[in-house]
Amino acid sequence: MVKVVSRQYVGEANVYDIGVEKDHNFAIKNGFIASNCFNKSHSTAYGYVTYQTAYLKANYPLEYMAALLTANSGDTDKVQKYLNNCTTMGIEIDPPDINRSGLDFTPADNKILFGFSAVRNVGQNAIACILEARTEGGVFKSLADFCDRIDLRAVNRRTLESLIQCGAFDKIEPNRHQLIKDLELVYEWAQSRAKDRAIGQGNLFDLMGGGFGNNGNPTTTNNGFESAPKAETVLDYPPQEKLRMEKELLGFYVSAHPLKNIKQSSSLLSPINLAQLGEQKDKTLICAVVMLNHVKKVMTKKGEQMAILQIEDLTTASEAVVFPKIYERVNSLLEIDTRLIIWGKVDKRDEQTQFIVEDAEQVEKVQMVVVELNPQEAADIEVKRHLSSILTEQSGDNNQAKVPVIGIIQAGNSRQLVRFGKKYWVQDSFLTMQSLRNAHFSAHVKQLTDT
């Protein structure tokens, strides 16, 4: 292995085709070795592939991105990156659909449809069984119809639970919790019917609905699934729980994202997303609204606890480091699948960029103080000084000032938002609001999670 320890300009030299037998320039002036030595055929091949790739992406973006996602389906980081690219390109991603999905990611209705192979706990035999049953008998009309028509030895209960919880049955029944409850009864019902079919024995409902064909399989007119038992009606899972299960089974949030409904308000506090982290200068102070995906606890040589976090926002996933003193203060917040607003600085070393966490708070607890001004007030120096003095007084110890302050300048139908710097953030939202109102400012408190 060769390690590049330094680079320096040594002048210009002629470039030769290294495919020739004699003349080449691996070694250039003063014993230095050329860093890039491509022969013409190699360069031409790369250029041709690059042209083909660019052409396909420009002219067939849906098909190209579907193929790219399929080719990299085993690499979670790459798939997340390409899913974000799809969003940027205006391409929607649909979750798996029991009546439409195939093996891989596929273009469908100007969207990209998740394939069954991307769902955890769904094996190749199960997929083949589902596709065969759908081809032979048409779309599945209900969970009972599905269980009645497939081989439950190939598609077991765990597979069915995964398909329900990732949203594959949403077009049939959007209440995933109800389907899970129904499955407890329907699965045994379908197994019993499969045993009857195996010995060529039907029941009263089968006879009324058309019974079995000569091969022992149900005929196309059989509506026996309508007699399937159903559980008592239950409420669906909360949205956050549904998204958590999607993330667990697919590796990504597909139908929605826990941060999507607060995108507009969070952008006021965090104008920089994680995808732009590498563009920031070393030691830059930044703020980010993220999902916490993983917490790795680490013990230092001094025996102190710290943590390395895996975080993500709507653009990409990244890594964050929490050193011992900060960890001691925020460790109770570090629960997986928690929405957090984190403050910290950019750390660049060894060509890697990290987020060093200096503080954190749960998104649900974050409040903002909103101050409304007209253009005349916003331009008045005395008004601005008065406002600044009130906010400075309410900020107190900057380490405890976690409440952001947002200004709204309203002029007719025009509305401009102003983000106050962190030095003007305050400790207590309601005390600050009251102080501002006492000084005849129009102010109110708003939750970050309000939509």
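- Within 6.0 Å of CG in Asn59 there are more than 12 heavy atoms belonging to other residues, nucleotides or ligands.
- Side-chain contact between Glu361 and Trp343 is present, with at least one heavy-atom pair separated by less than 4.5 Å.
- Checking side-chain atoms of Arg176 against main-chain N and O of Phe169 turns up no donor-acceptor pair under 3.5 Å.
- No donor-acceptor pair under 3.5 Å is formed between the side chain of Thr338 and the backbone N or O of Leu292.
- Under the 4.0 Å criterion applied to side-chain N and carboxylate O atoms, Asp148 and Arg197 are assigned as salt-bridge partners.
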Using salt bridge (charged side-chain N to carboxylate O under 4.0 Å, His left out), reason through Asp109 and Lys111 one step at a time and then give a plain yes or no. CA-CA 5 Å; Asp109 301 327; Lys111 300 178 183 179; over 6 Å; no
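- Within 6.0 Å of atom CD in Glu92, 12 or fewer heavy atoms from other residues, nucleotides or ligands are found, so the atom counts as exposed in its surroundings.
- Other residues, nucleotides and ligands contribute over 12 non-hydrogen atoms within 6.0 Å of the CD atom of Gln276.
- Judged by distance alone, with hydrogens and angles left aside, the side-chain atoms of Lys260 form no donor-acceptor pair with the main-chain N or O of Leu314 at under 3.5 Å.
- For the pair Ser101 (side chain) and Phe114 (backbone), a donor-acceptor distance under 3.5 Å is present.
- The environment of Gln240 atom CD is dense: over 12 non-hydrogen atoms of other residues, nucleotides or ligands sit within 6.0 angstrom.
- Between His177 and Tyr237, the angle of the ring planes stays under 30°, which puts this pair in the parallel group of the 30/60° scheme.
- A donor-acceptor contact shorter than 3.5 Å links the side chain of Gln427 to the backbone of Ser395.
- No more than 12 heavy atoms of other residues, nucleotides or ligands lie within 6.0 Å of CD in Gln352, so this atom counts as exposed by the packing criterion.
- With Asp313 contributing its side chain and Leu274 its backbone, the two residues share a donor-acceptor pair below 3.5 Å.
- With a 4.5 Å cut-off on side-chain heavy atoms, Met89 and Tyr64 do not count as touching.
- One N or O on the side chain of Arg329 and one on the backbone of Glu358 form a donor-acceptor pair closer than 3.5 Å.
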So Lys247 and Asn293, side chain to side chain donor-acceptor pair (under 3.5 Å) or not? Walk me through it. CA-CA 10 Å; Lys247 179 69 179 291; Asn293 292 335; 3.0 Å; yes
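- Remark: Arg244 engages Glu248 in a salt bridge, criterion side-chain N to carboxylate O under 4.0 Å.
- Salt-bridge check for Glu232 with Lys181: failed, with every basic side-chain N at 4.0 Å or more from each acidic carboxylate O.
- Arg339 is not listed as a side-chain neighbour of Gln362, based on a closest heavy-atom distance of 4.5 Å or more.
- Between Pro95 and Cys166 the shortest heavy-atom distance is CB-O, 4.1 Å.
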Side chain to side chain donor-acceptor pair (under 3.5 Å) between Ser162 and Asn121, worked out: CA-CA 7 Å; Ser162 297; Asn121 305 325; 3.0 Å; yes
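- Heavy atoms of other residues, nucleotides or ligands lying less than 6.0 angstrom from CZ of Arg153 number 12 at most.
- Checked by atom type and distance alone, the side chain of Lys348 pairs as donor or acceptor with a backbone atom of Gly278 at under 3.5 Å.
- Of the possible donor and acceptor atoms, none in the side chain of Arg419 sits under 3.5 Å from a partner among the backbone N and O of Pro404.
- The backbone N or O of Val234 sits less than 3.5 Å from a side-chain atom of Gln178, completing a donor-acceptor pair.
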